[in-house]
Amino acid sequence: DEKKGFIHLQGNVEVGYQSWVLKSDALDFYRLVDEIHIVDRFTLRQEGMDITGKNMKVKRNLGRVSVTEGVHMVLEEKE
């Protein structure tokens with residue numbers, strides 16, 4: 001509900017922010033506090049780095065990301 005500062009996206013959600021691409025089946029954005037919540041699985045990708053997991057919160061105004069379940073990170077070596 002945009003009037004309440006809440007946006008729910010569902011079904012092949014893909015969000016770009018700076019150099020990051022975030023993919024999930026569903027995403028909740030709380031505009032008033034500038035937070036993204038993903039309860040289900042997600043992939044967060046940046047050139048050379050892939051992070052997957054479940055149950056993520058992004059506090060954009062603080063630049064903080066927390067993942068509470070099944071986090072896995074893969075780093076590609078630079079040539």
Side-chain angles (χ1 to χ4, degrees):
D1 185 350
E2 197 167 336
K3 290 179 184 177
K4 295 180 180 178
F6 172 78
I7 299 170
H8 175 77
L9 303 173
Q10 189 160 347
N12 278 341
V13 177
E14 185 172 322
V15 177
Y17 179 70
Q18 295 181 353
S19 61
W20 294 92
V21 176
L22 175 60
K23 294 182 181 182
S24 183
D25 290 333
L27 176 147
D28 295 326
F29 178 56
Y30 298 88
R31 212 174 58 187
L32 299 177
V33 291
D34 202 19
E35 288 186 13
I36 296 170
H37 295 189
I38 297 175
V39 177
D40 295 320
R41 295 216 160 277
F42 70 87
T43 300
L44 183 60
R45 183 167 289 151
Q46 185 183 47
E47 185 177 334
M49 183 182 344
D50 286 348
I51 302 171
T52 58
K54 185 175 177 183
N55 201 7
M56 177 170 80
K57 289 185 182 180
V58 179
K59 296 183 179 194
R60 293 183 349 136
N61 58 342
L62 300 176
R64 292 188 182 162
V65 176
S66 64
V67 180
T68 59
E69 292 182 49
V71 67
H72 181 75
M73 178 188 279
V74 175
L75 298 172
E76 295 177 9
E77 291 186 34
K78 292 187 176 186
E79 295 179 15

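What you see is a predicted model, and the numbers here were worked out from it, not measured in a lab.
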Problem - Selection residues 44-71 - residue pairs positive for ring-ring contact (aromatic ring centres under 6.0 Å, His included), sequence neighbours left out - result: none
Completion exercise
Quick note, ring-ring contact (aromatic ring centres under 6.0 Å, His included) partners involving residues 32-66, not counting sequence neighbours, are Tyr30-His37
Practice task
Please say which of Ile7, Leu27, Asp28 ends up in a side-chain contact (heavy atoms from CB on, under 4.5 Å) with Ile36.
Solution key: Leu27
Distance-only donor-acceptor hits, side chain of residues 10-23, under 3.5 Å, sequence neighbours excluded:
from	atom 1	to	atom 2	distance (Å)
Gln10	OE1	His8	NE2	3.0
Ser19	OG	Gln46	NE2	2.5

Exercise for the section: Treat each ILVMFWY residue as a node, draw an edge where side-chain heavy atoms are under 4.5 Å apart, and state whether Val39 and Leu9 are in one component. Expected result: no
Exercise for the section: Tell me whether Val74 is reachable from Leu44 by hopping between hydrophobic residues (I, L, V, M, F, W, Y) whose side-chain heavy atoms are closer than 4.5 Å. Expected result: no
Exercise for the section: Indicate, with yes or no, if Phe6 and Val33 share a hydrophobic cluster defined by side-chain heavy-atom contacts under 4.5 Å among Ile, Leu, Val, Met, Phe, Trp and Tyr. Expected result: yes
Exercise for the section: Only pairs at least two apart or in different chains count here, so list each salt bridge (charged side-chain N to carboxylate O under 4.0 Å, His left out) that has a residue in residues 44-63. Expected result: Asp34-Arg60, Arg45-Asp50
Practice task
Could you tell me which residues satisfy side chain to side chain donor-acceptor pair (under 3.5 Å) with Arg41, sequence neighbours excluded, listed by chain and number?
Solution key: none
Just distance, no hydrogens or angles: give the donor-acceptor pairs under 3.5 Å from side chains in residues 63-73, sequence neighbours left out.
from	atom 1	to	atom 2	distance (Å)
Thr68	OG1	Asn55	O	3.4
Thr68	OG1	Asn55	ND2	2.9

